[in-house]
Protein chains: 2
Amino acid sequence: MKFSKATNYALHTMLFLAASPQHKLIGVQQLAERQQVSTTYLSKILTKLVKAGMIESTSGANGGYRLKRNFEEISFLDVIHAIEGTASLFECEMNHGPECLIQQVMVSAEMKMEEHLRNQKLSELAKQMPVVL
Amino acid sequence: MKFSKATNYALHTMLFLAASPQHKLIGVQQLAERQQVSTTYLSKILTKLVKAGMIESTSGANGGYRLKRNFEEISFLDVIHAIEGTASLFECEMNHGPECLIQQVMVSAEMKMEEHLRNQKLSELAKQMPVVL
DNA sequence: TATATTACGGATAATACGAGTCTATGATAT
DNA sequence: ATATCATAGACTCGTATTATCCGTAATATA
Ligand code: SF4
Ligand code: SF4
């Protein structure tokens, strides 16, 4: 029960992009070396973010990644869901129906966490970021 | 990023014990067949709960498991921590100190979930449990 | 047009971890 | 003495994560 490293990479990348001049394209090399991860692996993660509509990419020389227009609304939860999926943290075989109290406790606990992550917008955090990532 | 099945087994077992007559010892066989899990595996999990001081065990014929005196105070979070450990869900290499905003967001999100799980006492839930687990 | 640069995709490998089994040992009631 | 039951360690198995390799497509630039 841990957040994956991929999620970690995705969050750092998104915040770095948010702290950069908006229009500028940034290649995966620059993003990767800053996080000490291989370019090929980070590339796969960024492709997920592209497909989730959070960033856009440009191939070819001087290509790279850039935030999309809707950036202001993107939350931590959006990034996490894009990488880890949206399945519930708690699942049981033998489902005894939605009135089960165990499920209710576990699911609502997860929702408390998600609510907090949904309220944290990347744009807000980027403003407050002190130095480097 | 999912709760382990072991946590699931532990929660169900604890709630079943809570719904049983307090003094009575219940063997692992009975607990295991109810959850469709092997006795040897469930046994390992229960041993963790014993070491965490939540239940007590008696060896030998007619032995088994039973809740401890402090049962009223035990929460969902206690059980989960006993099985999954207490390490943070979010960890980063390159730790840039506690003032990092990313860490703060992730850790406080986890704390929101934990707060909710800490408030859910097994004894409370056992009273409200409708039928079987 | 040719070339360098860059993102994308599939296949594959390495690693870690969860889930589960097997077996031996020790404790306890009858 | 024997059957029952919990405990502990070694071990296997499957799957998800992490990561690498390589070929292809797109694009800027000379
Ligand atoms: S009791 Fe609740 S949590 Fe357990 S298997 Fe049934 S529905 Fe799932
Ligand atoms: S920026 Fe924050 S989350 Fe990222 S590595 Fe540094 S301390 Fe950890």
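To find a chain, count down the sequence lines: A is the first, B the second, and so on, and within it residues start at 1. Since the structure is predicted, the reported quantities are computational estimates derived from the model, not experimental observations.
B:Ser4 has no side-chain polar atom (N or O) that falls below the 4.0 Å cut-off from OP1 or OP2 of C:dC17. Under 4.0 angstrom from either OP1 or OP2 of C:dT6 there lies no side-chain N or O belonging to A:Thr58. For C:dA7, neither phosphate oxygen OP1 nor OP2 lies less than 4.0 angstrom from any side-chain nitrogen or oxygen of A:Tyr41. Checking the phosphate oxygens (OP1, OP2) of D:dT20, a side-chain nitrogen or oxygen of A:Ser38 falls inside 4.0 Å.
Distance B:Met1 CE to D:dT17 C1': 15 Å, rounded to the nearest Å. Regarding B:Glu91, its CD atom lies at a distance of 17 Å from the P atom of D:dT17, rounded to whole Å. Between the P atom of C:dA19 and the CD1 atom of B:Ile45 lies a distance of 8 Å, rounded to the nearest Å. Across the protein-nucleic acid pair, B:Glu56 atom CD and D:dC5 atom P stand 18 Å apart, rounded to whole Å. Summarising the geometry, the separation between CG on B:Leu25 and C1' on D:dA6 is reported as 11 Å, rounded to the nearest angstrom. The nearest whole Å value for the distance from the CG atom in B:Leu46 to the P atom in D:dA8 is 12 Å. Between the NZ atom of B:Lys48 and the C1' atom of C:dA19 there is a distance of 11 Å, given to the nearest Å. One interatomic measurement links the two molecules: CD1 of A:Ile55 to C1' of C:dA7, which rounds to 11 Å at whole-angstrom precision.
Inspection of the B:Glu114 and B:His81 side chains reveals an N or O donor paired with an N or O acceptor under 3.5 Å.
Note on B:Ser57: only backbone sugar-phosphate atoms sit closer than 4.0 angstrom, heavy atoms only; bases stay farther off. In this structure, B:Lys51 reaches the sugar-phosphate backbone alone: every heavy-atom distance under 4.0 Å involves primed, P, OP1 or OP2 atoms, never a base. Residue-level contact check: B:Val37 touches neither bases nor backbone, having no heavy atom under 4.0 Å from any strand. Contact annotation for B:Lys2: no contact, since no heavy-atom pair falls under 4.0 Å across all strands. Across all strands shown, A:Tyr9 has heavy atoms under 4.0 Å from sugar-phosphate atoms exclusively, and none from any base.
Along DNA chain D, the nucleotide nearest to A:Ser59 and the one nearest to A:Phe3 differ in position, and the one closer to the 5' end is contacted by A:Phe3. With DNA chain C read from its 5' end, the first of the two nearest nucleotides for B:Ala61 and A:Val50 is the one closest to A:Val50. Of the residues near DNA chain D, A:Gly60 and A:Thr40, the one whose nearest nucleotide (by heavy atom distance) lies more toward the 5' end is A:Thr40.
Side-chain atoms of B:Lys44 and base atoms of D:dG9 include a donor and an acceptor less than 3.5 Å apart.
Scanning DNA chain D for stems, defined as runs of 3 or more consecutive Watson-Crick or G-U wobble pairs whose donor-acceptor distances all fall under 3.5 Å, gives the following ranges: C:1-30 with D:1-30.
Summarising the geometry of B:Gly53 relative to B:Lys68, their closest heavy-atom pair is O-CD, 3.3 Å, with the distance given to 0.1 Å. Minimum interatomic distance between B:Tyr65 and B:Val28 (heavy atoms only, all atoms of both residues): CE1-CB, 4.1 Å. Across A:Val79 and A:Ala10, no two heavy atoms sit closer than the pair CG1-CB, 3.8 Å. In terms of heavy-atom proximity, A:Asn8 sits nearest to B:Cys92 at ND2-CB, 3.5 Å.
Checking D:dA26, D:dT29, D:dA6 against the side-chain heavy atoms of A:Asn62 singles out D:dT29 as nearest. Distances from the side chain of A:Thr47 to the nucleotides C:dG9, C:dT28, D:dA6 place C:dG9 closest. The B:Val28 side chain lies nearest to D:dA6 when the options are D:dA6, C:dA19, D:dT17. Counting only heavy atoms from C-beta on, B:Gln29 has its side chain closest to D:dC5 among D:dC5, D:dA19, C:dA19.
No continuous path of hydrophobic side-chain contacts links B:Met111 to A:Val105 [ILVMFWY only; heavy atoms under 4.5 Å]. Hydrophobic clustering (side-chain heavy atoms under 4.5 Å, transitive across Ile, Leu, Val, Met, Phe, Trp, Tyr) keeps B:Leu25 apart from B:Met14.
Separating the CG atom in A:Leu17 from the NZ atom in A:Lys24 is a distance of 11.5 Å, to the nearest 0.5 Å.
Looking at heavy atoms from C-beta onward, B:Phe90 lies out of side-chain contact with A:Thr7 at the 4.5 angstrom threshold.
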